[in-house]
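Reviewing the structure listed below.
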Amino acid sequence: MKIPAEMPRLKGYRFPREIVVYAVWAYHRFALSTADVEDLLAERGVIVSRETVRKWVNRFGRHFADCIKRDRPAAADKWHLDEVVVPINGVKMWLWRAVDGSGDVLDILVQPRRNAKAARRFLKQLITRFGQPRIIITDKLRSYIKPIRQLAPDADHRAHKGINNRIEGSHRPTRKREKLMGRFKSLRQAQRFLSAHDQINTIFKPRRYRLSAISYRHARADAFGLWEDFADEIAA
């Protein structure tokens with residue numbers, strides 16, 4: 001494949017912006033490995049190594065996640081909080097995740113502890129960005145009680161595992177990617193990857209089962225439009 005002249009290259013990169021952006025999109029949008037993306041590009045005549053794809057994902061995935069966070073509408077005032085174990089190099093770590101009432105991921109934080117101090121750190125991070133919620137739904141972990149009373153005293157805290165199914169479902173993509181990647185190699189890698197992956201999935205997976213075919217196509221077109229706008233912001 002001869003790369004057209006009208007596709008300018010990014011400064012410091014051998015390939016045009018469109019190819020780099022496509023590789024990052026394909027990796028995060030689908031359950032693909034870097035080798036899968038390498039083959040996908042090779043079929044189109046673009047020869048890159050899986051290591052190059054990995055570097056693109058690490059470098060530009062964060063850019064798209066930051067743009068999505070910056071331009072996202074205000075979060076709903078009903079939050080679901082949960083934590084799930086993530087083994088890293090044989091050590092048990094905890095992935096803390098929050099979603100709003102619409103099911104959109106607000107933020108994630110990978111921490112080595114599952115106690116009140118860890119809950120406070122995560123909740124403080126959320127409130128700093130989104131303000132205080134009206135309702136907070138958690139499981140029955142008692143570590144949430146004191147931090148919520150201190151940081152969000154006016155919030156209605158509902159601790160019941162049965163009404164926290166919305167966030168339980170949001171852990172599934174993480175488990176799928178964790179299995180594909182052969183588990184995360186470090187806390188930093190897990191935090192970096194999941195921060196980008198959750199935000200990108202927020203705009204490209206608009207809960208299709210709730211939408212008509214026409215509405216879904218409009219939502220998909222809007223997502224592609226946003227992606228192109230964010231790609232244009234990459235420094236050339």
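Worth saying up front: this structure is predicted, and the values here are computed from it rather than measured.
By the 6.0 Å contact criterion, NZ on Lys185 is enclosed, its count of non-hydrogen atoms from other residues, nucleotides or ligands being greater than 12. Residue Arg175 qualifies as enclosed at atom CZ: its count of foreign heavy atoms under 6.0 Å is above 12. Other residues, nucleotides and ligands contribute at most 12 non-hydrogen atoms within 6.0 Å of the CD1 atom of Ile214. In this structure, Arg62 places its CZ atom where only 12 or fewer heavy-atom neighbours from other residues, nucleotides or ligands lie under 6.0 Å away. Other residues, nucleotides and ligands contribute only 12 or fewer heavy atoms inside 6.0 Å of the CZ atom of Arg142.
Side chain of Arg17 to main chain of Ile234: a donor-acceptor pair is present (N/O by atom type, distance under 3.5 Å, no hydrogens or angles). Ser195 contributes a side-chain N or O that, together with a main-chain N or O of Gln191, makes up a donor-acceptor pair within less than 3.5 Å. Side chain of Gln132 to main chain of Ala152: no donor-acceptor pair is present (N/O by atom type, distance under 3.5 Å, no hydrogens or angles). The closest donor-acceptor contact from the side chain of His63 to the backbone of Phe230 lies under 3.5 Å. With Arg220 contributing its side chain and Phe204 its backbone, the two residues share no donor-acceptor pair below 3.5 Å. For the pair Thr128 (side chain) and Lys124 (backbone), a donor-acceptor distance under 3.5 Å is present.
Taking the side chain as every heavy atom from C-beta outward, Pro112 and Val91 never approach each other to under 4.5 Å. For the pair Phe193/Tyr27, a side-chain contact is recorded, criterion being any heavy-atom separation below 4.5 Å from C-beta on. Using a 4.5 Å heavy-atom cutoff, the side chains of Val85 and Lys92 are in contact. Within the 4.5 Å cutoff, the side chain of His28 has heavy atoms near those of the Val57 side chain. When side chains are defined from C-beta on, Asp104 does not count as touching Val99, because their heavy atoms never get closer than 4.5 Å. Leu151 is listed as a side-chain neighbour of Arg120, based on a closest heavy-atom distance under 4.5 Å. Using a 4.5 Å heavy-atom cutoff, the side chains of Ile203 and Ile68 are in contact. Taking 4.5 Å as the limit, every side-chain heavy atom of Ile88 sits out of range of all side-chain heavy atoms of Arg183.
Tyr216 and Trp227 fall into different hydrophobic clusters, defined by Ile, Leu, Val, Met, Phe, Trp and Tyr side-chain heavy atoms under 4.5 Å apart, directly or through other members. Leu211 and Phe224 fall into different hydrophobic clusters, where Ile, Leu, Val, Met, Phe, Trp and Tyr residues are linked whenever their side-chain heavy atoms come under 4.5 Å apart, directly or through other members. Note: the hydrophobic cluster containing Trp79 does not contain Ile145 (ILVMFWY, side chain heavy atoms under 4.5 Å, direct or indirect links).
When every heavy atom of Asp139 is checked against every heavy atom of Ala159, the shortest pair comes out as O-CB, 3.6 Å. Ile136 approaches Leu123 most closely through the heavy-atom pair CD1-CD1, 4.2 Å. When every heavy atom of Leu81 is checked against every heavy atom of Ala98, the shortest pair comes out as CD1-CB, 4.0 Å. In terms of heavy atoms, Pro133 sits closest to Ala155 at O-CB, 3.6 Å. Minimum heavy-atom separation, Thr202 to Asp198: OG1-O, 2.9 Å. Minimum heavy-atom separation, Ala196 to Ala65: CA-CB, 3.6 Å.
Considering CG of Asp39 and OG1 of Thr34, their distance stands at 10.0 Å, rounded to 0.5 Å. Annotation: the span from Ile148 atom CD1 to Asp154 atom CG amounts to 13.0 Å, rounded to 0.5 Å. With rounding to the nearest 0.5 Å, the separation of CG in Leu41 from CG in Asp36 is 11.0 Å. To the nearest 0.5 angstrom, Thr174 atom OG1 is 5.0 Å from Leu194 atom CG.
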Check your understanding: Where do Arg149 and Lys146 land on the side chain to side chain contact (heavy atoms under 4.5 Å, CB included) test, with the steps shown first?
Key -> CA-CA 5 Å; Arg149 285 177 180 172; Lys146 190 173 181 179; 5.7 Å; no
**Study point:** Asp66/Arg70 under salt bridge (Lys or Arg N to Asp or Glu O under 4.0 Å): CA gap, chis, key distance, verdict
**Key:** CA-CA 6 Å; Asp66 289 343; Arg70 180 196 66 200; over 6 Å; no
Review point. Taking it one step at a time, do Leu226 and Asp71 satisfy side chain to side chain contact (heavy atoms under 4.5 Å, CB included)?
Key: CA-CA 9 Å; Leu226 285 173; Asp71 293 349; 5.6 Å; no
Check your understanding: Step by step, would you call Arg129 with Lys69 a side chain to side chain contact (heavy atoms under 4.5 Å, CB included)?
Key -> CA-CA 10 Å; Arg129 283 191 55 207; Lys69 289 180 181 180; 3.7 Å; yes
Practice item. Could you go through the side chain to side chain contact (heavy atoms under 4.5 Å, CB included) check for Leu126 and Leu106 one step at a time? Key: CA-CA 8 Å; Leu126 290 170; Leu106 300 176; 4.1 Å; yes
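Checked for salt-bridge contact, Asp107 and Arg97 miss the test: no charged N lies under 4.0 Å from a carboxylate O. Here Arg158 pairs with Asp156 in a salt bridge; the nearest charged N to carboxylate O distance falls below 4.0 Å. In this structure, Arg114 pairs ionically with Glu83, as a charged nitrogen and a carboxylate oxygen lie closer than 4.0 Å.
Taking the six-membered ring for Trp, Trp56 and Phe15 have ring centres closer than 6.0 Å. Between Phe60 and Trp25, the distance from one ring center to the other does not fall under 6.0 angstrom. In summary, the aromatic rings of His197 and Phe64 are positioned with their centroids too far apart to meet the 6.0 Å limit. Tyr144 and Trp96 have their aromatic ring centers within a separation under 6.0 angstrom.
Annotation: salt bridge (Lys or Arg N to Asp or Glu O under 4.0 Å) contacts of Arg113 (sequence neighbours excluded): none.
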